[in-house]
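Structure first, then comments.
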Amino acid sequence: MTLVSVTQSVNLVALLPALIVAGTALLVLVADLFWAPAQRWLSVPLSLAGVVVALVSAFALARATPRATFCLSPGACSYVEDRFAVAFQVIVLASTVVVLLLGRHELADSRLPAGEYHFLLLASVVGALTMASSRDLLSLLVSLEVVSLPAFVLVGLRRDDARSAEAALKFFLISVIATAVTLMGMSLVYGVTGSLQLDQVATALSDPATRQPVTSAAIVLTLAGFAFKVSAVPFHAWVPDTYQGAPVPVAAFLSVVSKTAGFAGLVLLLMVGFRPYADVWGPVLAVLAVLTMTAGNLVALRQRHAVRLLAWSSVAQAGYILVPLGVAASGYGRTNALGAAESALLVYLAIYAAMNLGAFACVIAVGRRSPGQLLGDYRGLASRQPLLAVVLAFFLAALAGLPPAVAGLFAKLTVFRAVIDGHLPWLAAVMAVNTVIALYYYATWAFALFGPTTLEPAAARTVPSFVTGAIAVTATVTVVLSVYPEWVLRAADLATRAH
Amino acid sequence: MSWQQVFLVGLLVLPALGAVLALALPRQAVKVGVATSGLTLVDIGVLLFAWLGAKTGTYGWFAFAPIKPGGKLQGLVYGGGGCPALVKTGPQFVSNTDIGRLCYGGEFRVDAPWLHSIGVRFHLAITGISLPLLVLSALLVFLCLVYTVSHPPAGGRLPALVALVLLLEVGMMGTFLAADLIVFFVFFEVVLVPMYFLIGIWGGSDRKQYAATKFILYTLLGSAFMLLGFLGIGLGHGSFDFSALSGNGLSHRTQDLIFLSLLVAFGIKTPMWPLHTWLPDAHTEAPTIGSVLLAGVLLKMGTYGLIVIALPALPLAAHDFAPYLGVLAVIGIVYGSLVCLAQRSLKRLIAFSSVGHMGFVLLGISTLTTTGINGALIGNVAHGLITGLLFFLVGSLKDRYHTDVIDEIGGGAQAKLPYLGGLLGFTAIASLGLPGLAGFWGEMLALLGAYHPAAGLNRGLYLGLMTAGGIGAVLTAAYLLWMLLRVNQGVVPPQWRAVRLPDVSLVELVVWTPLVVLTLAIGVYPRIVLGISAAAVSALTGGSP
Amino acid sequence: MHLVYPLVVASLLFGIGVYGVLARRNLVLVLMSVELMLNAVNLNLVAFDAWWRDTALHSGQVFALFVIVIAAAELGVGLSIVLSVFRHRSTVNIDEIDQLSDRDPVTR
Amino acid sequence: MSPVAWLVPVAPAFFAFVALLLGRRLPGGPAVATLLGTVVTTVVAIGLLPSAMQHPARTSIHSWVYTPIGSTGGAMARRYADYAPGTGGLTLHVGTSVNGLSALLAVMVCVVSLLVQVYSIGYLHGDRRLPSYFAWVSLFTAAMLLVVLASDLFELYVGWEVMGICSYLLVGHYRESRGAGLAAIKAFLVTRLGDVAFLFGIFTLGVGAHSFAIADVTRVSGLSHGTVVAGTLLLLGGVAGKSAQFPLQTWLPDAMAGPTPVSALIHAATMVAAGVFVVARLYPDFAASPVTMTVLALAAVVTMLLSALAALVQDDLKRVLAWSTVSQLAYMTAGLAVGGYQPALFHLLNHAAFKALLFLAAGSVLHAVGTNLMSEMGGLWRRMPLTFVTFLVGALALAGVPPFSGAFSKDAILDAARSVASGSRAATGVGSWVGVIVYAAGLLTVVLTALYTTRMVARTFLGPRHDDAALDESSFAMGAPLVVLAVPAAALGVLGFHGLLPTWLPSPVPGTFGVAPAWGPLLVTLALVAVSVVAVLLVVRARPGQDPAALLATPLRGALESGLGVDTAYRRGIVLPVMALGRSMLAFDRDVVDGTVNGAGRAARWAGGVAKLSQNGNVQLYASGMLIGAVVIAIVVAVP
Amino acid sequence: MIAAAALIGHPTAPSYASWHGAEALFACLGVMAVGSALLVVTARNVVHAALWLVVTLGALAGGYLLMTAELVAWVQVLIYIGAVVVLLLFATMLTRAPIGKTLDLDSDNKVLAAIVGLATAATLVFLVIDAFKGGWVDVQHVPVGSAQGDGAAVFRSWVLPFEVVSVLLLAALVGAIVLVRKPDPAEDD
């Protein structure tokens, strides 16, 4: 038995983005040991460099033909770097760039250990990257854990703040329980299908003989951990508490990167592994989507804390992103409708990443002046920092789906389109009503920015350069996507044709 | 790009540029606003005359002499080019319905790729139906900005105000220019945000934020349903382009469902009873120019959409829902008038009068006839002019009296302010639909349409609607004259005797004169509007009466 | 051996774990209950592995091994979080750790 | 001249605007502008006469502009299709049509308007709002001329309604007076109510004829009988409104709140005449519908009796005249209803002359005395001889004393009614019983007219003076029109001889009654008049300074004075309920319609608050929710 | 019963009434596991709970052995019983949890927890019995999950999760350290 035959052959090129990020993580961890305290912020540019290189490599892979590796047999591979995976990875990596920029000043303000912070962050990103490429249940689960576990620590990293620890605890406990449920589901899926490979699972599930109650239950239980990651109701309750307690850049990370990973896993499970059961999980997802957006929006109406508001808003947004998956509920069963749904999900996710990170960036910028993050602190922001106010209002408009931030509008439009295409008018109507509810809190927040101020004018505190950079990046992306959303539409289209 | 296209795009670019400039040059903001909105007005003016010129006198404003039949029809609809087959075959083209579709061709058109993936093109076009509304929008924005020169609303921040108004203009122009459902939707939405801030920041009282929020939430609800409807249409037709709107590919049931959502969407904007309650609050709180633009242009978007989108795209559903639309319209007419009779605040009164007037517009549409839709169009324009002017006047009264409660003014306004009072009298009379002034034609044609609704509609019902509408017209006169009696007439009450109130200023005169003149001109010579629209409407209805 | 025996045992264990997670106040006990849930999964996996005679991949057993490793890692981090909480609050009673919530400040 | 007929309505309208905008800056005031306009119009109108008189039956139409509005559908007349390609041919069409009737009436309107304006210069001397006053008078004239000359029903309707608004503006001229304002609103709303029906009548006839051109509409052969009946009945609504016929007569007495010259204009030549004119203009249609004509006749009967009775007891001089106008108009409509086409129009012309004269003379009195109440007048004949004489001429014409004008035309109407009653076939197809009723009511009204006219003259000019304050005869501007008007008021009766009228006003419908003095019946009515006059004079002489109407029982008087309570009925039955409905609708809107909207908002907030409760910070609750969710979903999907 | 399993061709399961030796053994282990698990979640003493947990885990390890999953069984003993439980006990000490018998180890959520727990167990039991009631594990013929066999499987088929899990473990290590460590004053730059 030679070494070659014992181990799988590995196509390192396919792994490039994940490898680069993992390498950078280690590098940062090690370099941090040698850096003097004053130099520790260098972790930021170092991590940025790594992530950007990974991003470039991901783009390069997108142009190439799909690469598969860790194959059990030519057809069954655990890791596939196709355009679908690259699409998620690009969202993850690009968002990470922004998160890294946001963290620079938080490190100093909250006395976070720079090396560990970046290591953990990048480790989590590695999980997100492998998630998108994984094609078996085990890899998906491990990736899920890799995304989560460093994140627990990141949330609790403000070690002098009790709330940070509490947030980490809640996040951890809910995560662990959700994972356990997922594992139960996976074990039953394995029991039913005898395989962990998504393709083989799908093949097995196509057999009418598997149509048993346990199969359906197994499938929905499997979704639990991922539903937890994307903060779908009823797996959402950790979100506001955790976001509030976590360092704000980490909250931003959770709301975008970690959520993207969750969606990647969800889409892979549903669209690849459990596709034959679309009629079963379709209605479940539709109902979850409705519950998620409604609960998120309703509770968001009553928030006074900016980060908590964004947390609930991100719950609601997750509901919108889930909507296309609910299209399977129509039983319309058209393949192209499901493809369009997947594409819509990607489009929304990409635009959501940009606009939500932008909103978080603005909140961080404001938070340096009023760390309490009460919505009242935002009154009259326009008179103190007009540009910041305008940009924040822009992002809020985007989240609400209103012009001039047409990008947000198009995100919703694509989702609506998928739903209408899937013949689920009631779901579309519910979402329509929800957008109206959501508008209330976005609009009143945006409006407060331009109202009279309650704070006495203090010396204008400039927004730190890195945060400015983050705002600039997100704003630029949102503006570009507002003018010409075709890019993201097309990319999503190509990505979903991958499988 | 032909010069027509340059001018057409200019309608969007000029105000957008102006908005940016106004923010960049805060000191000159108002001047920038006036200049750019003026240029936009000139722009649409040039297009207007070019459009008329392209019709070589067969259509348009000037037809004093008999014209030989057989003029080229396709040239009439869009000034050259176009889709002659469609127009020529008129009634036959539309198989089981008598609603045809508009022809989007000719030189006054821009069609560029935009969102290829979902089949959306950046398609703009001027049609006989949109042209009057485009002119109206450009004119009102220009006048509002000129008005701002001397009457800036309380709340300061003029650069922002000017920028928002210009942004509003972009949205309005875009809405009326759009020839693609998604483009239409985007521009329709563009209007919301500036108006929200206009009401919320420059509004009148402590209820302004409530009003602004109500406005934006209510209209967004409509927009959301509109988007759903559009997507349904687009996916059914396989294209979002207006020229594809035909009802093909949509089952009867689907059409009904979509029409219902569009009815809610456009009904909210119009506003149609009982979806109107955002309007009085928005109008009461909005600054004068906000009210003017709201009443003058924004409300028209709803009925415009109903005419150019809902009718051609969903012909079967249009037939199903027309009676309901008609009933709601007439309820709006009568209800609006009754509420006005008991109204104490001038601004609210005029706001409710809009419900009634737009009821006539909706009634016209609900008849599905050329006559009725022509009436709806001219009613739109007339309401824009007259109610716009009314809001200007009431705003000015409020500036002077610092109240718009009728009892607090207490009468004698015409004695105190002869010119302002006189103008108020004129406008109120125009508003009650006096023949010879613009408001009449819309009401009359709507009623005439109801007298003879499209084939397949329940004529008995429509006769009832016509009668109720007629009674509504009497009630309209009643509340307006009753308002005049309590505001304009009588002696100056003691509390105002010692107060010196300035009468109409030069700027006000300059701003209001065009509206007065147009009200008179259209009233005397409705061909100014109908000459432009009739051929397009005829194509739309496929020659239905 | 009947397949359902291990499966039923696993199901019961899972249910007991669920109860423990929801009912126990002490964080350490909650973590123990979580371990029960994870072990129930492992029993399932091993049983199915044997049932399917998954000789080539040993998917079930390998999965079980990974679950054990993951559980250990989670437990490590979890306990450090518990300690961190304890350092701030001097309690590990789960219902006393509710500083972050949507309750109105007035009612607190 | 007919190609420039458009100048007739346009000139006064144009000068109305000149007066309005430049009024105060013009040398000599706004009256100069409007007088200029009216003179121009009068000249043109008179210029129209010769050719119109030559071929009075031929209508010469000149159309200017066409506005496409739609199509009537079906097999429509293609007459205007050429002008409105693509619309199927339904057009608005603006033009003039001149024939004998319209030319004659145009001249009448112009002359009365001219005189009223001259008179107003004196009457309103010193008024602060002269520009608007003269502008509205001039516009009023223009509107009436538009009605008279219109070639299209909608064009006619424009003029019709503009008159309404001008009456509103003029009645409400004394803006400080709330009563005037209310009267103005009442005048407008009551007539508008009728006008809505009128508009629907236009729809009915126009759509039926596939054209709104009067020439097409009056071609009855192209219309179904039902259309004609429905259309004319609806038109009657407008006629009743404008001509103050039962049940829409109530606005007219109140409209006396306006300046007196305006009353003269409204009552003599313009607004109230418009109703009668329209029936005449569309006579082919009306004559083809016996039902309509019967209704018209009955309304006229009620109106003439009721208003004559009301006139009998009024103390306000102008209100007497107002009710008398209503009563006289009823004669005309009754005449038209029984087929007395020429008699009715003859009476219209005569009435215009003598009623204008009466009003202007009354104005002269009021101007001098400073009150409208006859109880405060008396014995004025010495102080104001010119006014007295001219007033007397008018009164004699009104009472129908030959040879003054009114006698002949009124008698012609009665003659027509008598012919129908005695079995002659009416051109309008009404039954002979209608003729009986009309004739009887007519005779009764003759008596009543004589009674109230005599009472009016006696109370105003005869008897003792109340106080001896110096009174001056009116100025030249006011006096001259009186003299000028006295001539036709006295002498227009001659038109009834020599067949002039039949030549000028040929009936568009065959078989109508003409104007030829029938001496026998004339003597009967003359006798009735004479008895009545003498009776009143005797009473007055017996009880100097006292109101002869005091002989009537007080309750009856009160009822008559208020027009038999029709006003009150309207107020209680319509006005108050509508206002109450308005208030309740306002509350409904706030509480129910808007309440639902706000309630939805509150419900969302409330739901948010409830949902928030679960976010209590206890992670075990969160976990419970999550696990419950998982189990429930699993169960739901597992249960097939 | 899942039809796909039939393809593998194991013998038809005998009736539930006839017990083999393995079954009896597993039944004992199962009862032991479930019983001690119940004690874990009901014990009024944290240390006792930990000890009952050891019993449960041990019983399960026995079950694994019975089903020929040798490696899993040994790893279970080593890692779980050896490391995890010790860790838990350490945590108990560090958090100064009452070592003795205490009454308030359960929260107010107990009733709800019981309902949810019962529902979960019942649902799962019902589902697995419904689906796998005919399933037969032929203990004698099942290939042994030896260290070598499982190891080969891991390195032949499951390299990816193995590699990713290494990141996980490193992150857990770093994370646990960084959380427990007090903030470094030097980080206040």
Side-chain angles (χ1 to χ4, degrees), chain C residues 1-9 11-20 22-29 31-33 35-36 39 42-43 46-47 49-53 55 57-58 61-62 64-66 68-77 79-84 86 92 94-95, chain E residues 8 13 22-23 26 30 33-34 37-38 40-41 46 49 53 60 63-64 67-69 72 75 79 84 87-88 91-92 94-95 97 105-107 109-110 113-114 116-117 120-121 124-125 128-129 132-133 135 137 139 142-143 145 149-150 153-154 157-158 161 165 168-169 172 175-176 179-180:
Chain C
M1 186 175 74
H2 283 283
L3 176 59
V4 288
Y5 291 159
L7 297 188
V8 167
V9 170
S11 302
L12 293 174
L13 277 180
F14 196 82
I16 293 166
V18 164
Y19 168 79
L22 300 183
R24 296 302 236 173
R25 247 182 124 199
N26 187 303
L27 275 172
V28 177
L29 287 171
L31 290 181
M32 287 181 198
S33 308
E35 297 307 323
L36 286 178
N39 271 283
N42 278 352
L43 184 55
V46 169
D49 186 280
W51 183 53
W52 281 102
R53 301 198 219 175
T55 41
L57 301 176
H58 268 307
Q61 295 190 9
V62 171
L65 288 174
F66 273 100
I68 293 173
V69 173
I70 289 169
E74 273 187 346
L75 196 69
V77 171
L79 286 175
S80 59
I81 291 173
V82 169
L83 289 179
S84 175
F86 182 74
V92 286
I94 205 163
D95 45 7
Chain E
I8 300 171
E23 292 192 291
F26 187 84
V34 172
L38 274 173
V40 171
V41 295
V46 183
L53 182 62
L60 285 177
Y64 297 159
M67 286 182 285
T68 72
V72 181
V75 169
I79 295 188
V84 169
L87 213 54
L88 283 168
T92 311
L94 283 172
T95 56
L105 282 177
D106 289 349
S107 67
N109 207 27
K110 214 163 146 182
V116 177
T120 310
L124 286 174
V125 167
V128 294
I129 290 178
F132 301 104
K133 52 185 174 288
V137 181
V139 183
V142 170
D150 283 359
V154 168
S157 312
W158 303 107
V165 119
L168 180 79
L169 289 173
L179 275 181
V180 177

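Keep in mind that the numbers below use all heavy atoms, side chains included, and drop hydrogens, waters and symmetry copies.
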For chain C, the option from E:L124, E:L168, E:I79 that forms the most heavy-atom pairs under 4.5 Å: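 Greatest number of close heavy-atom pairs with chain C: E:L124.
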Between E:L38, E:L88, E:V75, E:V40, the one whose heavy-atom pairs under 4.5 Å with chain C are most numerous: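 Counting heavy-atom pairs under 4.5 Å, the top option is E:L88.
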Taking every heavy-atom pair that is under 4.5 Å apart, which of [options] has the most such pairs with chain E?
| options | answer |
| --- | --- |
| C:P6, C:A71, C:S84, C:G20 | C:P6 |
| C:A47, C:G17, C:S33 | C:A47 |
| C:L27, C:V77, C:N42 | C:N42 |
| C:I94, C:L29, C:V82, C:L31 | C:L29 |
| C:V62, C:I70, C:L83, C:V8 | C:V62 |

Restricting to non-hydrogen atoms, name the atom on [X] and the atom on [Y] that form the minimum distance, rounded to 0.1 Å.
| X | Y | value |
| --- | --- | --- |
| E:A69 | C:V46 | CB-CG1, 3.5 Å |
| C:G76 | E:L87 | CA-CD2, 4.2 Å |
| C:V9 | E:G30 | CG2-CA, 3.9 Å |
| E:A91 | C:V28 | CB-CG2, 4.3 Å |
| C:S11 | E:V128 | OG-CG2, 3.9 Å |
| C:V4 | E:F132 | CG1-O, 3.2 Å |

Report which part of [X] has an atom under 4.5 Å of a heavy atom belonging to chain E: side chain, backbone, both, or neither.
| X | value |
| --- | --- |
| C:N39 | both |
| C:I81 | both |
| C:I16 | both |

Test side chain to side chain contact (heavy atoms under 4.5 Å, CB included) applied to E:V46 and C:N26, step by step: CA-CA 8 Å; E:V46 183; C:N26 187 303; 4.0 Å; yes
Partner residues of E:A121 under the side-chain contact (heavy atoms from CB on, under 4.5 Å) criterion, sequence neighbours left out: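 Testing E:A121 for side-chain contact (heavy atoms from CB on, under 4.5 Å), a comparison that skips the adjacent residues, returns C:L12.
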Steps toward side chain to side chain contact (heavy atoms under 4.5 Å, CB included) verdict (C:L36, E:L53): CA-CA 8 Å; C:L36 286 178; E:L53 182 62; 3.8 Å; yes
Residue part contacting chain C, namely of E:V165, when any heavy atom lies under 4.5 Å: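 Contact with chain C: side chain only.
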E:I129 versus chain C, the contacting section by heavy-atom distance below 4.5 Å: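 Both parts, backbone and side chain.
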Pair E:W158 + C:F66: ring centers closer than 6.0 Å: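 They do not qualify: ring centres at least 6.0 Å apart.
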Close side-chain approach of C:L43 and E:M67, heavy atoms under 4.5 Å: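 The answer is yes, as the side chains (C-beta and beyond) meet within the 4.5 Å cut-off.
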Check against side chain to side chain contact (heavy atoms under 4.5 Å, CB included), E:L94 and C:L79: CA-CA 10 Å; E:L94 283 172; C:L79 286 175; over 6 Å; no
Heavy-atom donor-acceptor pair, E:E23 side chain to C:H2 backbone, under 3.5 Å: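 Confirmed, E:E23 side chain pairs with C:H2 backbone.
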